[in-house]
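Presented below is the structure to which this report refers.
Residue indices begin at 1 and follow the sequence shown.
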Amino acid sequence: MKNNDYPTWLVSLEIAKELKAIGFDTPCSFYYDEKLFKISPWHDEEFVVTNWNDKLFRYCVSIPTWEQVFEWFRARGYKIAFKDINIGTQCAFYHLDIKEGHTFSHFAQKYEKARGVLVMKLIEVHKEFGNNIKRK
């Protein structure tokens with residue numbers, strides 16, 4: 001898959017590898033094969049999703065959609081507010097409420113940039129706080 005053909009609704013390979021490192025286990029349709037150096041969809045007669053990060057697939061990395069990533073973090077108790085706003089030249093915003101006294105906000109000019117920064121911040125916070133986040 002050429003870089004210019006990479007779907008914008010999938011996280012980057014860099015982010016996918018970071019997610020695997022923190023235990024992301026949501027079944028996905030796309031994966032990266034580290035032996036073949038390529039990203040592929042699961043091909044079958046039926047639509048199938050698999051946790052490519054499972055130890056069974058040790059040379060694979062699940063490549064989720066952005067929404068799957070946000071859903072995974074929300075299921076672990078992270079409170080995320082993502083809004084498109086317009087303040088001067090700033091147009092995208094997120095607010096991440098980790099736990100009392102720990103909040104993060106970010107403004108960016110484009111939604112895609114704010115989305116990427118948000119996921120990297122979630123990964124960073126998850127590494128620091130891990131299972132200490134209150135679940136819903």
Side-chain angles (χ1 to χ4, degrees):
M1 180 181 303
K2 296 176 186 173
N3 279 348
N4 57 350
D5 294 336
Y6 194 86
T8 59
W9 40 270
L10 293 176
V11 301
S12 68
L13 179 56
E14 173 191 358
I15 289 175
K17 288 180 177 182
E18 291 281 340
L19 290 166
K20 181 176 183 173
I22 64 167
F24 182 84
D25 58 358
T26 298
C28 299
S29 295
F30 286 81
Y31 66 97
Y32 176 73
D33 187 316
E34 293 179 324
K35 281 189 157 190
L36 299 176
F37 303 106
K38 72 177 205 170
I39 295 171
S40 301
W42 174 260
H43 295 288
D44 201 348
E45 292 175 9
E46 298 178 21
F47 181 74
V48 177
V49 292
T50 301
N51 176 14
W52 297 102
N53 290 338
D54 190 289
K55 291 178 183 177
L56 179 66
F57 306 106
R58 67 178 156 181
Y59 298 111
C60 294
V61 177
S62 292
I63 306 211
T65 64
W66 292 99
E67 190 54 41
Q68 286 176 305
V69 174
F70 295 138
E71 198 174 289
W72 187 84
F73 279 107
R74 284 185 186 110
R76 279 147 188 80
Y78 293 88
K79 297 174 186 160
I80 305 163
F82 208 143
K83 302 174 186 174
D84 282 327
I85 60 172
N86 191 0
I87 301 174
T89 59
Q90 306 294 318
C91 64
F93 165 81
Y94 78 78
H95 177 78
L96 178 58
D97 184 9
I98 307 303
K99 59 184 195 178
E100 286 186 36
H102 291 87
T103 61
F104 301 93
S105 298
H106 179 78
F107 288 90
Q109 290 184 342
K110 294 188 176 189
Y111 168 80
E112 294 79 8
K113 177 73 173 168
R115 177 179 66 184
V117 171
L118 170 56
V119 170
M120 291 306 292
K121 182 54 121 176
L122 284 164
I123 291 168
E124 175 189 326
V125 169
H126 191 74
K127 286 178 180 177
E128 183 179 341
F129 292 105
N131 293 326
N132 295 327
I133 305 298
K134 293 180 183 176
R135 293 193 183 225
K136 292 180 181 178

Of all heavy-atom pairs linking Phe70 and Leu118, the shortest is CE2-CD2, 3.5 Å
Donor-acceptor check, side chain of Trp9 to backbone of Glu67, threshold 3.5 angstrom: yes or no? no
Any donor-acceptor pair under 3.5 Å from Gln68 side chain to Pro27 backbone: yes
Pairwise distance CZ(Arg74) to CG(Leu122) - rounded to 0.5 angstrom: 9.0 Å
Test Ile123 against Phe73 for side-chain contact (heavy atoms from CB on, under 4.5 Å), laying out the working first. CA-CA 9 Å; Ile123 291 168; Phe73 279 107; 4.1 Å; yes
For Ser62 and Ala16, work out which heavy atoms get closest and say how close. O-CB, 3.3 Å
Nearest 0.5 angstrom please: Asp25 CG to Lys20 NZ, how far? 12.5 Å
Hey, could you give me the CD1/CH2 distance between Ile15 and Trp66, rounded to the nearest 0.5 Å? 3.5 Å
Starting at CD1 of Ile22, measure out to NZ of Lys17 and round the result to the nearest 0.5 Å. 15.5 Å
Between CE on residue Met120 and CG on residue Leu19, distance to nearest 0.5 Å: 8.5 Å
Using ring pair (Phe, Tyr, Trp, His ring centres under 6.0 Å) as the criterion, list what pairs up with Trp72, not counting sequence neighbours. Phe24, His126
In Å, rounded to the nearest 0.5 Å, how long is the span from CD1 of Ile63 to OG of Ser29? 11.5 Å
salt_bridge(Lys121, Glu124) N-O dist < 4.0 Å: yes
